[in-house]
Amino acid sequence: MANVVVIGAQWGDEGKGKITDLLSRSADVVVRYQGGVNAGHTIVVEDRVLKLHLIPSGILYPDTICLIGSGTVVDPKVMLGEIDTLLELEIDVSGLKLASTAHVTMPYHRLLDLAMEQRRGDRRIGTTGRGIGPTYADKSERNGIRVIDLLDADCLRDRLLGPLAEKNDLLEKVYGIPALDPEAVIEEYAAYGRRLAPHVVDCTRTIHEAARARKNILFEGAQGTLLDLDHGTYPYVTSSNPVSGGACIGAGVGPTLIDRVIGVAKAYTTRVGEGPFPTELEGSLNDHLCDRGGEFGTTTGRRRRCGWFDGVIGRYAVQVNGLDCLAITKLDVLDELDEIQVCVAYELDGRRIDYFPSSSDEFARCRPVFRSLPGWQCSTADCRSLEDLPPTAMAYLRFLAELMEVPIAIVSLGAQRDQTIVVEDPIHGPKRALLSV
């Protein structure tokens, strides 16, 4: 038995959806522990492409319980839309559970998110405009609406009228946006509550009952390490904690319940939105990676910024998450290149550093120090074992493992489930993977 956390080791968009889907075959419970509809993952199953924002990818396995935890913020309209899509595809959603204590993204959160981002001008963060930051802000100010409040219309009215009056003042007087009708909002969200009610559970009790029954629990983080509110490239971050420690807070478990932490990283690096990006490429190489990798955001559709693999942020992700092993995704995107660069250190104001600076101003001044490796210039899409890989592709993976100082357990070579090399079972296998330092 093992309880495992899967996290992104870069700026998000690392392909966690596919890896979580792969690991969910061995999981009895999958828990999404933070974030909201600003996240998204794409899963390809045969000829079906599923784009999910809130519902864990484990929903594709009928015997798996999928729990949206207390640390998430939930847009009920989006969640119900995902449920309807799954039902249309005849996918069983009876195992879908929603924490009663998760906070709810309200319509004023979305309006404020967009208005505030627009007012920032050149100082914009790159928010998705889905209301995530304002929802978490209300949660911290103890002024939020929780899922449990949607289940009783009278309770919802009591909880909502005060905050909504404040938000209407802000919308009208500061941003010039028409006020929301309180009765219409109450009616809409009470209706959402009635539909969601069969899925609502006590998050902590549900997880601990599974743990006592010695079930395999998989904790799924959204976004990535460098977008963590406390440990990322602040202020160009999300409003929650994607790092592995966030699983304990967002799910309501102690750290002793976690057996293993798996980091997911692309064979190169991407980020979306604003903020420094030392290894970012421009021109034809950026276009090549973007086009071959399908680098367009699941949530926003924005074109992602692409760059070479950054070993400095990789080592930082290993440290702050306590990674046991790695899943490297999209190795096939590099197939046509004759030369591949890997960032092994930074140059900051004329001196070489091998650590991630906490100052965003310093990070913006960092220039990558690259190591050049030969490409393999042949397709890896059909490789299903390490022996199938070209020697130079194997050398590239070994270099990444040595640089990150953590073994590689999974290599992904495409979007399909079977386009995967499992070096070691990350849940049931030994602590050290075979492709290691």
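Nothing here was measured: the structure is a model prediction, and the numbers come from that model.
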Would you list the atom pairs, donor with acceptor, under 3.5 Å between side chains in residues 98-106 and any protein atom, with sequence neighbours excluded?
| unit_1 | atom_1 | unit_2 | atom_2 | d |
| --- | --- | --- | --- | --- |
| Thr101 | OG1 | Ser70 | OG | 2.6 |
| Thr105 | OG1 | Thr135 | OG1 | 3.0 |

Shortest non-hydrogen contact from Leu22 to Val422? CD2-CG2, 4.2 Å
Whether Lys97 and Asp202 form a salt bridge (side-chain N of Lys/Arg under 4.0 Å from carboxylate O of Asp/Glu) is what I want to check. no
Just by distance, do the side chain of Thr270 and the backbone of Arg304 share a donor-acceptor pair under 3.5 Å? no
Would you say Tyr136's side chain and Gly35's backbone share a donor-acceptor pair under 3.5 angstrom? yes
Thr420 vs Lys18, side-chain hydrogen bond (donor to acceptor under 3.5 Å, both in side chains): CA-CA, chis, key distance, verdict: CA-CA 10 Å; Thr420 309; Lys18 176 181 175 179; 3.0 Å; yes
Would you compute the distance between atom CZ of Arg32 and atom CD of Gln34 and round it to the nearest 0.5 angstrom? 6.0 Å
Under 3.5 Å, is there a donor-acceptor pair between the side chain of Arg271 and the main chain of Pro276? yes
What is the minimum heavy-atom distance between Cys66 and Ile59, and which atoms define it? SG-N, 3.1 Å
Please determine whether a side-chain nitrogen of the Lys or Arg among Asp287 and Arg292 lies less than 4.0 Å from a carboxylate oxygen of the Asp or Glu. no
Taking all heavy atoms of Phe309 and all of Thr279, pick out the closest pair and write down the distance. O-CG2, 4.4 Å
Check this for me, if you would: do Asp138 and Lys167 make a salt bridge, where the nitrogen-to-carboxylate-oxygen distance has to be below 4.0 angstrom? yes
Locate the shortest heavy-atom distance separating Ile83 from His199; write the atom from each residue and the value. CD1-NE2, 4.1 Å
When you measure from the side chain of Glu339 to the backbone of Gly375, do you find a donor-acceptor pair of N or O atoms at a distance under 3.5 Å? no
Counting distance only, does the side-chain N/O of Gln419 pair as donor-acceptor with the main-chain N or O of Ala415 below 3.5 Å? yes
Side-chain (Thr233) to main-chain (Leu226) donor-acceptor, under 3.5 angstrom: yes
Sidechain-backbone polar pair: Arg212 side chain, Arg214 backbone, donor-acceptor under 3.5 Å: no
So how far is it from Ile207 CD1 to Ile65 CD1, rounded to the nearest 0.5 Å? 12.0 Å
Angle between ring planes, Trp376 versus Tyr396, binned at 30° and 60°: parallel, tilted or perpendicular? tilted
One pair to check against side-chain contact (heavy atoms from CB on, under 4.5 Å): Leu54 and Val74. What are the steps and the verdict? CA-CA 7 Å; Leu54 280 169; Val74 178; 4.1 Å; yes
Test log, rule side-chain contact (heavy atoms from CB on, under 4.5 Å), inputs Val264 and Ile7: CA-CA 6 Å; Val264 184; Ile7 59 94; over 6 Å; no
For the pair Arg305 and Glu280, find out whether any cationic side-chain nitrogen is under 4.0 Å from an anionic carboxylate oxygen. yes
Please report the C-alpha distance between Arg195 and Asp84 in whole Å, then the side-chain angles of each, then the deciding distance to 0.1 Å, and finally whether the salt bridge (charged side-chain N to carboxylate O under 4.0 Å, His left out) criterion is met. CA-CA 11 Å; Arg195 282 202 62 192; Asp84 290 339; 2.9 Å; yes
To the nearest 0.5 Å, atom OH of Tyr346 lies from atom CZ of Arg352 at 12.5 Å
What closest approach, in Å, do Phe370 and Gln341 show between heavy atoms, and which atom pair accounts for it? CB-OE1, 3.3 Å
When the ring centroid of Tyr236 is compared with that of Trp11, is the distance short of 6.0 Å? no
Is it true that Tyr316 and Tyr355 have ring centroids separated by less than 6.0 Å? no
Could you tell me which residues satisfy side chain to side chain contact (heavy atoms under 4.5 Å, CB included) with Arg365, sequence neighbours excluded, listed by chain and number? Leu348, Asp349, Asp361, Glu362
From CA spacing to verdict: side-chain contact (heavy atoms from CB on, under 4.5 Å), Val200, Ile148: CA-CA 8 Å; Val200 177; Ile148 197 169; 5.8 Å; no
Show your reasoning for whether side-chain hydrogen bond (donor to acceptor under 3.5 Å, both in side chains) applies to Asn3 and Asn216. CA-CA 6 Å; Asn3 300 322; Asn216 289 332; over 6 Å; no
Walk me through it: do Val4 and Ile262 pass the test side-chain contact (heavy atoms from CB on, under 4.5 Å)? CA-CA 7 Å; Val4 175; Ile262 301 172; 3.5 Å; yes
Test your reading of the model: is there a side-chain donor-acceptor pair from Asn321 to the backbone of Val318, 3.5 Å cut-off? no
Has the side chain of Asp388 got a donor or acceptor atom that lies under 3.5 Å from a matching backbone atom of Arg384? yes
Quick check against the 3.5 Å criterion: does Gln223 have a side-chain atom that pairs as donor or acceptor with the backbone of Gly12? no
Would you please name every residue forming a salt bridge (Lys or Arg N to Asp or Glu O under 4.0 Å) with Arg315, sequence neighbours left out? none
Report yes or no: do Ser412 and Lys330 form a side-chain donor-acceptor pair below 3.5 Å? no
Regarding Thr225 and Asp228, do their side chains bring together a donor and an acceptor under 3.5 Å, going by distance alone? no
In sequence, state the C-alpha distance, the side-chain angles, and the governing distance for Asp335 and Thr380, and then conclude on side-chain hydrogen bond (donor to acceptor under 3.5 Å, both in side chains). CA-CA 7 Å; Asp335 283 352; Thr380 59; 3.0 Å; yes
Between CD on residue Glu274 and CZ on residue Arg120, distance to nearest 0.5 Å: 11.0 Å
Between Arg130 and Asp113, is the closest basic N to carboxylate O distance under 4.0 Å? no
Side-chain heavy atoms of Ile19 within contact of Ile410, under 4.5 Å: yes
Separation between OG1 (Thr392) and CG (Asp338), nearest 0.5 Å, reads 11.0 Å
Using 0.5 Å steps for rounding, measure from the OG1 atom of Thr64 to the CG atom of Leu96. 12.0 Å
Is a donor from one side chain sitting under 3.5 angstrom from an acceptor on the other, for Asn38 and Thr238? yes
Is it true that Lys266 and Glu295 have a side-chain N and a carboxylate O under 4.0 angstrom from each other? yes
Pairwise side-chain contact, Thr269 with Phe277, heavy-atom cut-off 4.5 Å (strictly under): yes
With side chains defined as the heavy atoms from C-beta onward, is the minimum distance between Leu218 and Asp28 less than 4.5 Å? no
Any side-chain donor paired with an acceptor under 3.5 Å for Tyr61 and Asp92? no
Tell me yes or no: between the side chains of Thr329 and Glu14, is some donor less than 3.5 Å from an acceptor? no
If you compare all heavy atoms of Leu196 against all heavy atoms of Leu80, which two are closest, and at what distance to 0.1 Å? CD2-CD2, 3.6 Å
